[in-house]
J.: 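One structure, pasted below without further comment.
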2 protein chains.
Amino acid sequence: MSLRIALLGLLTAYGSASGYDLTKAFEKSVAHVWQAGHSQIYPELAKMTADGLVTVEAEGARGRKIYAITPEGRAELRAWLVGHDPTGPARNEVALQAFLLPLLDPGEALAVLERLKAYVEHKLAELEALWAIKHSSPVPEGTTGVRFGNLALDLGIRQTRTTLAWANDAIAAIGRRA
Amino acid sequence: MSLRIALLGLLTAYGSASGYDLTKAFEKSVAHVWQAGHSQIYPELAKMTADGLVTVEAEGARGRKIYAITPEGRAELRAWLVGHDPTGPARNEVALQAFLLPLLDPGEALAVLERLKAYVEHKLAELEALWAIKHSSPVPEGTTGVRFGNLALDLGIRQTRTTLAWANDAIAAIGRRA
DNA sequence: ACTCTCATGTAAGGAGTTACATGATTGA
DNA sequence: TCAATCATGTAACTCCTTACATGAGAGT
């Protein structure tokens, strides 16, 4: 369901696009929020066409199909945003490792935490770079006051910083015992 | 893969258990970190038995099967903890809503954020209650210095608090424009 | 007797991943 | 001509969800 919503959102925000374009958009703009590869996107666009949420607006070179969102699609997107409770199932590999960490001896646990910290630092750097780019480039034509994707990026950066702080504290706490 | 790891972790931490017990453990102790229902757990235990990671230690009343982790299972768990990079795919419904929020007009966006805030507050209360219980009850026999699940609970609480702060700031930011 | 909790499973379907497969166009 | 990128799809498989199905034991 959420893939469908993400596609409708991208079509609304960036206008008509091909499956290929949308795949690229997933790799770049939405990557830190939702992921999907072309093998998932193409069939989903076909189903959405059948359901009347999008239409093939034009067909270009190399079999390129340009999809556009329909009024039904817009309604579906709005309904989800306004009505859907985002109670996604909790499935967090980092947290699972944290949960099970006491099963290791302190030395190994420390090593795992250090690796985890490095990963989180790397991710934070990526997100902050994205933020810097967004805030240095000219403002695109506005959809609403807040710029597209910025709220989510802010959330992502805050959560990543929180995870980093947690990792540091956990390292300190375990280090004291090792 | 991670379900398997979670099961091995629970069997290590709490000792031998039945599929039923493990299902309960998922509902309680690991719920904020990983989720799985009995219809996923029973077949997985069967596969793990076939793979030699667990064994049926005993069969009790009502067809109850008690599983125990094997040395191979322990090795598998340890290898995952030490060696697995927890780069789970980013799929976050809250962040997706945040991402798409600027597509709504400010009034509706505010309503969505308020609902989100309520949900996060509720979740935070749950986690803090869990924390309080853990820190008031007597210390169970130690596996390592840090108590089982506490690191993960700390992480969960911090992240939930961060999300709450973000929601408040986002509400303030959009409210200024509405 | 009845109901509740214990206890185990299967089946159908949706969502997601990885790998396979094909062909057009552009630019060096 | 050769490689890269554009562009679309399918197939097989794992993982997860929801619903169906069954029966034993414990307590009232």
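Proteins come first, then strands; the chains are lettered A, B, ... in the order of their sequence lines, and each starts at number 1.
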J.: Taking the side chain as every heavy atom from C-beta outward, state whether B/Val94 and A/Leu155 have any atom pair closer than 4.5 Å.
T.: yes
J.: Whole angstroms only, please: what is the CE-P distance between A/Met48 and C/dG14?
T.: 16 Å
J.: Flag the pair A/Arg115 / A/Tyr119 as yes when at least one side-chain heavy-atom distance between them is below 4.5 Å, and no otherwise.
T.: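 Side-chain contact under 4.5 Å: no.
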J.: Taking for each residue the nucleotide of DNA chain C with the nearest heavy atom, is it B/Ala61 or A/Trp34 whose nucleotide lies nearer the 5' end?
T.: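 So the residue in question is B/Ala61.
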J.: Side chain of A/His38: nearest nucleotide among C/dG16, C/dA19, C/dC6?
T.: C/dA19
J.: In whole angstrom, what separates A/Ile41's CD1 from C/dA15's C1'?
T.: 13 Å
J.: Extract, from 5' to 3' on DNA chain D, the first and final nucleotides lying under 4.0 angstrom from some heavy atom of chain B.
T.: D/dC15 to D/dG25
J.: Could you tell me how far apart A/Asp51 (CG) and C/dG14 (P) are, to the nearest whole angstrom?
T.: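 Going from CG in A/Asp51 over to P in C/dG14 covers 12 Å.
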J.: Over how many whole Å does the gap from B/Leu45 atom CG to C/dA7 atom C1' extend?
T.: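 Checked: the CG to C1' distance equals 13 Å.
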J.: Report yes if some heavy atom in the side chain of B/Asn92 is under 4.5 Å from a heavy atom in the side chain of A/Gln159; otherwise report no.
T.: yes
J.: Please classify the nucleic acid contact of B/Ser39 as base, sugar-phosphate, or nothing, using heavy-atom distances under 4.0 Å.
T.: base
J.: Applying side chain to side chain donor-acceptor pair (under 3.5 Å), which residue pairs with at least one partner in residues 36-53 of chain B are found, sequence neighbours left out?
T.: B/Arg4-B/Glu44, B/Arg4-B/Asp51
J.: Tell me the interatomic distance from A/Tyr42, atom OH, to C/dG23, atom P, rounded to whole angstroms.
T.: 16 Å
J.: Report the distance from atom CE of A/Met1 to atom P of C/dA15, rounded to the nearest whole Å.
T.: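 That distance rounds to 7 Å.
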J.: Quickly work out the A/Gln40 CD to C/dG16 P distance and round it to whole Å.
T.: 5 Å
J.: Would you please say whether a donor-acceptor pair under 3.5 Å links the side chains of B/Glu93 and A/His84?
T.: yes
J.: C/dG13 C1' sits how many Å from A/Glu44 CD, rounded?
T.: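 So the two atoms are 14 Å apart, to the nearest Å.
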J.: Does the side chain of A/Ile174 reach to within under 4.5 Å of the side chain of B/Leu151, using non-hydrogen atoms?
T.: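 Yes, side chains in contact.
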J.: Could you work out which one of C/dA7, C/dA19, C/dT10 sits closest to the side chain of B/Arg62?
T.: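 Given the options C/dA7, C/dA19, C/dT10, the side chain of B/Arg62 is closest to C/dA7.
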J.: Show, in sequence, the C-alpha distance, side-chain angles and deciding distance for B/Trp80 and A/Leu96, and conclude whether the side chain to side chain contact (heavy atoms under 4.5 Å, CB included) test is met.
T.: CA-CA 11 Å; B/Trp80 186 86; A/Leu96 181 57; 3.9 Å; yes
